[in-house]
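Lettering follows sequence order; numbering is per chain, from 1.
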Amino acid sequence: MADIASELSVAFGQAFEALGLDPKLGAVRRADRPDLADFQCNGAMAAAKQARRNPREIATELVEKLSDVDGIADITVAGPGFLNVKVTPELLAQRTETVRSSEMAGADPSEETRSIVIDFGGPNVAKPMHVGHLRSAVIGDTLKRLCRFLGHHVVGDAHLGDWGLQMGQLIVGLSEEQPDLPYFDAANEGPFPATSPVDIEDLARLYPLASGKSKSDEAYRERCQKATAELQAGRAGYRALLKHFIDVSVAALKVDYDQLNVSFDLWKGESDADPFVAPMIEDLKSRGIAEESDGAWIIRVAREGDKGKTEMPPFIMVNSRGGVGYHTTDLATIFDRVHNLAPKPDLMLYVVDQRQALHFQQVFRASEKAGYFPEDGLEHIGFGTVNGDDGKPFKTRDGGTVRLSDLNRMALEEAEKKIATANLSADLSADEVRDIALKVALAATRFSDLQNTRTTDYKFDLERFTSFEGKTGPYLLYAAVRIKALLRRAKAEGNAAGDILIDSESERALALQMDAFNTALEQSYAKRMPHFLCEHVYNLAQAFSGFYGAHPIAAEKDPAKRASRLALCEAVLNQLETGLDVLGIKTPERM
RNA sequence: GGCCCCGUAGCUCAGCAGGAUAGAGCAACGGAUUCCUAAUCCGUAGGUCACAGGUUCAAAUCCUGUCGGGGUCACCA
């Protein structure tokens with residue numbers, strides 16, 4: 001069953017049509033004046049403009065057609081031509097029962113099923129993640145969950161940064177520390193030792209060292225570039241090393257991602273695109289799509305209608321030293337996905353920093369031009385930067401960044417502290433406390449990030465990430481936990497949920513809020529913006545808190561009211577947990 | 001300089017496919033616990049929606065310009 005707003009929109013659309021007006025004008029939404037109505041429709045005013053008629057007159061005619069519609073208790077014209085609708089308690093009760101009992105808690109699956117690749121996370125080998133990596137991880141993972149929830153087929157790919165100059169830097173860095181390792185003998189074709197010559201601490205030490213030296217020392221940089229080129233050309237020792245670097249890094253990355261409840265279906269990296277690079281280059285050269293310019297091979301992607309006086313820079317397929325960068329591996333990755341994934345993707349989302357916008361525009365245009373995958377199936381889901389107090393993005397290499405692992409640890413510590421001071425019965429085991437703390441920390445961290453509009457920058461505030469009061473993840477958990485406690489008590493007392501009766505203001509508000517779930521999901525999906533869902537879930541928790549404060553529930557004496565309120569609680573819990581699950585947040589039993 | 005994003009309450013942010021009285025959280029102030037978890041709830045105070053024009057019955061929302069902040073602009077990723 002569709003939500004009330006949608007059903008009313010259909011009825012209103014028909015009424016508009018019956019008057020010879022555009023049915024789209026019948027869009028009905030939640031009223032922004034809850035004192036006056038439950039739902040409103042503003043279409044009469046727009047219709048008046050189109051038809052050059054008096055808006056109130058049109059509105060009045062619509063009222064006549066609509067007043068008999070099932071579920072509408074009252075419909076009136078207000079102001080210049082607003083249509084205000086109040087619905088019956090019976091309709092709200094019926095709708096709430098659907099929320100309570102349906103698998104999707106009142107939401108509907110998407111009408112068409114798509115095959116979607118979501119490229120997110122984008123961690124680099126050897127570089128510990130910092131708070132800037134939180135966004136891609138959490139937004140990407142949430143979009144993955146959202147798409148799946150709506151019925152789409154989704155593949156999440158971490159797309160490791162494992163193929164650039166940084167690899168050459170690591171190789172050179174390691175060769176200076178341990179020059180006698182077999183990997184550095186160019187004549188050695190393998191096999192090489194199975195155990196890794198480095199652990200994550202080694203990588204964390206080597207990378208900044210080599211990266212720094214590469215900046216200041218030109219000869220050193222050239223060695224790194226050479227090593228990178230040799231790696232890419234297939235030098236056996238270097239390839240073997242790369243494998244170790246990746247394995248060691250992935251194991252470390254998984255620790256951070258696990259704590260954020262972020263997971264991937266594929267741990268592919270730029271290096272996995274390598275087998276497709278050479279044939280692709282040949283293909284693009286032979287078809288004249290790539291051309292030579294200043295010693296490099298490029299694809300021109302500027303177009304006629306482009307804004308500005310300066311042309312969009314070309315896509316660099318092969319640089320003048322014969323190397324390839326991430327433009328090329330990204331394009332080859334598209335090629336790989338189109339040919340090797342089943343089902344074949346029809347949409348690819350790239351959850352990457354907004355600053356990469358130009359890069360993706362170039363890659364997408366190149367893909368279109370090459371005929372590999374249509375441009376309109378490629379979307380850069382850019383997000384704003386995480387800024388410091390100075391309003392500027394955290395720098396990756398300079399000091400002053402907060403590591404993601406540190407953020408995770410601090411959130412967990414705060415959660416443990418809070419549990420210690422909360423009046424939880426002391427009968428919880430250490431494992432239970434740990435489990436609750438992890439869930440609270442997870443909720444706090446994910447929600448703090450996800451509630452921000454995807455595209456805007458936000459200032460990193462540690463307090464906000466480790467705060468559990470107000471508009472936070474733990475607030476949502478608290479609402480769910482309270483409901484669970486109520487239901488436990490009711491069960492213990494032998495009381496069950498029953499028929500839903502909506503007869504108080506707070507129950508009404510709660511029912512109306514639950515009706516908005518589907519719209520929130522649709523908005524989040526359509527705009528690829530999880531914050532709409534965050535907003536909904538938060539409003540739901542607030543509406544529940546209001547209801548909780550206004551009525552006894554498990555303690556209610558009247559059996560019919562008690563049964564109804566318990567059912568209402570079950571509906572809220574179902575939708576709350578469902579929504580939280582899409583956001584990647586886990587709910588404890590108590591906290 | 002070209003292009004992109006942003007400027008809303010003391011702070012952090014929603015709202016922007018135009019609509020009625022611009023909303024949350026934090027911070028401030030005042031209340032609520034013999035009663036289902038106070039990580040909660042109720043209330044008060046706080047805003048020329050950067051500025052100036054324009055379109056419209058109606059603009060925080062759309063258009064133009066100005067100012068301020070950030071990002072980005074072929075061979076690093």
Mind checking salt bridge (charged side-chain N to carboxylate O under 4.0 Å, His left out) for [X] and listing every partner two or more places apart, or none if nothing turns up?
| X | answer |
| --- | --- |
| A:Asp162 | none |
| A:Arg365 | A:Asp306 |
| A:Asp353 | A:Arg355 |
| A:Glu291 | A:Arg300 |

Practice problem: Tell me, please, which residues at least two apart from A:Tyr538 pass ring pair (Phe, Tyr, Trp, His ring centres under 6.0 Å). | Solution: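 Here the qualifying residues are A:Tyr475.
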Self-check item: Non-neighbouring partners of A:His536 that pass ring pair (Phe, Tyr, Trp, His ring centres under 6.0 Å), sequence neighbours left out
Solution: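 Ring pair (Phe, Tyr, Trp, His ring centres under 6.0 Å) list for A:His536, sorted by chain: A:Phe517.
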Self-check item: Contact list for RNA chain B against residues 158-173 of chain A - heavy-atom distance below 4.0 Å
Solution: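 Those residues are A:Gly164, A:Leu165.
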Quiz item: Which dot-bracket notation, 5' to 3', represents the base pairing of RNA chain B when pairs are defined as Watson-Crick or G-U with both distances under 3.5 Å, crossing pairs as [ ], and inter-strand pairs as |?
Solution: (((((((..((((.....[...)))).(((((.......))))).....(((((..]....))))))))))))....
Quiz item: Taking only residues at least two apart or on different chains, which pairs with a member in residues 433-446 of chain A satisfy side chain to side chain donor-acceptor pair (under 3.5 Å)?
Solution: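 Side chain to side chain donor-acceptor pair (under 3.5 Å) check on residues 433-446 of chain A returns A:Asp141-A:Arg446, A:Thr142-A:Arg446, A:Asp435-A:Lys439.
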Practice problem: Could you name each residue pair satisfying ring pair (Phe, Tyr, Trp, His ring centres under 6.0 Å) that touches residues 22-45 of chain A, not counting sequence neighbours? | Solution: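 Qualifying pairs: none.
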Quiz item: Can you find a side-chain donor-acceptor pair between A:Tyr458 and A:Asp449 that sits under 3.5 Å?
Solution: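 On atom types as modelled, these side chains qualify, holding a pair under 3.5 Å.
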Practice problem: Spell out protein contact along nucleotides 9-18 of chain B as letters: B when the base is contacted, S when just the sugar-phosphate is, - when no protein heavy atom is under 4.0 Å; keep the 5' to 3' order. | Solution: ---SSSS---
Review item, side-chain donor-acceptor pairs of residues 483-493 of chain A, under 3.5 Å, at least two apart:
from: A:Lys484; atom 1: NZ; to: A:Glu577; atom 2: OE2; distance (Å): 3.1
from: A:Lys484; atom 1: NZ; to: A:Glu589; atom 2: OE2; distance (Å): 2.9
from: A:Arg488; atom 1: NH1; to: A:Glu589; atom 2: O; distance (Å): 3.4
from: A:Arg489; atom 1: NE; to: A:Glu493; atom 2: OE2; distance (Å): 3.0

